[in-house]
Amino acid sequence: MSELYIRVAEDENEEPMEIPSEDDGTILLSSVAAQFPGACGLRYRNPESQCMRGVRLVEGVLHAPENDWGNLVYVVNYPKDNKRKMEEIDAASAVKVKRGFQKTSDLIVLGLPWKTSEQDLKDYFTTFGEVIMVQVKRDLKTGNSKGFGFVRFTEYETQTKVVAQRHMIDGRWCDCKLPNSKAGPDEPMRSRKIFVGRCTEDMTTDELRQYFMQYGEVTDVFIPKPFRAFSFVTFADDQVAQALCGEDLIIKGISVHISNAEPKHNNIHQLFPNFPGGSASLAAMFDRSQYQFPSSHV
DNA sequence: GTTGAGCGTT
């Protein structure tokens with residue numbers, strides 16, 4: 001079968017778009033997703049039964065029904081059509097709206113001038129939004145500032161804005177961070193990234209992307225080089241990533257294990273006791289890396 | 001009475 005185009009639409013009544021097939025007559029889900037971001041499959045109305053039918057999808061490859069795409073208009077499936085998953089995502093979403101989303105937290109302010117007072121801090125940060133609380137940490141005996149403090153805002157949006165930039169306060173550059181967190185202004189959100197364990201060396205980034213896009217929009221795939229039997233997949237939506245954690249999935253006939261890519265302090269020498277070049281080079285490599293093992297692999 | 005990466009007396 002040579003190159004052909006099949007008609008795909010967002011909805012049965014929408015204007016279809018032509019999507020190219022592969023040489024073997026299949027269509028890559030990624031080709032569909034290129035025009036319909038977030039697409040996870042196709043369906044069509046069976047002319048005989050008038051029922052909607054799903055198109056066979058195997059590891060990112062869509063197969064023509066009866067080996068012939070015919071002249072039908074195919075309709076895009078999105079992850080939200082999965083009712084079971086949707087309930088989970090709704091629940092997670094509700095939790096997030098109630099707690100995480102608009103819940104502000106104290107921010108640590110590092111690098112304050114010794115002379116900066118709490119009133120100075122309040123005056124400065126109020127230019128970004130309403131301030132709930134400011135603190136300057138001081139030596140109890142002398143009353144001298146320790147050069148850092150805390151601030152808390154009413155609005156989460158204000159907090160986001162403040163953390164994302166540096167601050168000139170009384171003549172010094174200061175940083176605002178989440179306490180006990182090395183997370184910088186543009187650190188990738190951990191919760192959108194999953195750890196894919198038990199990968200084989202022949203799995204490519206394209207294949208992983210095509211596979212995982214059935215669950216939601218994939219924004220990044222990372223495979224460490226040289227081969228290390230795991231990879232990272234980042235979704236546009238963190239709830240999709242969270243929903244996959246703990247699952248064993250079959251990719252190219254191989255069972256891979258999904259877990260959270262949360263940072264964790266691990267003993268890397270236990271994981272690779274005989275790493276070539278010795279433990280020092282291994283440690284250096286890991287120190288430079290933003291990628292870490294999930295707790296289930298420790 | 002000094003200092004300049006960090007992590008919070010109550």
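The shown structure was predicted, so the numbers you read here are calculated from the model rather than taken from an experiment. Quick note on labels: first sequence line is chain A, next is B, and so on, each numbered from 1.
Protein atom CG of L110(A) is 11 Å distant from nucleotide atom P of dG8(B), rounded to whole Å. Taking atom NZ on K146(A) and atom P on dC7(B), their separation rounds to 11 Å, with Å as the unit. In this structure, the CG atom of L107(A) is 16 Å from the P atom of dC7(B), given to the nearest Å. If you take CD1 of I108(A) and P of dA5(B), they are 14 Å apart, rounded to a whole angstrom. Atom-to-atom, CD of E118(A) to P of dT10(B) comes out at 15 Å; the value is rounded to the nearest Å. As rounded to whole Å, 12 Å separates atom P of dT2(B) from atom CG of D139(A). In this entry the distance linking NZ of K141(A) with P of dT2(B) reads 17 Å, nearest Å. Rounded to an integer number of Å, the gap from L140(A) CG to dG8(B) C1' is 12 Å.
The nearest heavy atom of DNA chain B to G147(A) and to F150(A) marks one nucleotide each, and the one closer to the 5' end goes with G147(A). Residue whose closest nucleotide on DNA chain B sits further toward the 5' end, between D106(A) and L112(A): L112(A).
Checking dT9(B), dA5(B), dG8(B) against every side-chain atom of W114(A), the shortest atom distance belongs to dA5(B).
Residue ring and base: F148(A) does not count as stacked with dG6(B) (centre distance below 5.5 Å and interplanar angle below 30° not both satisfied).
Without hydrogens or angle criteria, T126(A) side chain to K122(A) main chain gives a donor-acceptor distance under 3.5 Å. The backbone N or O of Y211(A) lies less than 3.5 Å from a partner atom in the side chain of Q214(A), making a donor-acceptor pair.
A cation-pi contact, defined as under 6.0 Å to the ring centre and within 45° of the axis, links K193(A) to F232(A).
Other residues, nucleotides and ligands contribute only 12 or fewer heavy atoms inside 6.0 Å of the CZ atom of R56(A).
Applying the 4.0 Å criterion to OP1 and OP2 of dT9(B), one finds that K137(A) has a side-chain N or O inside that range.
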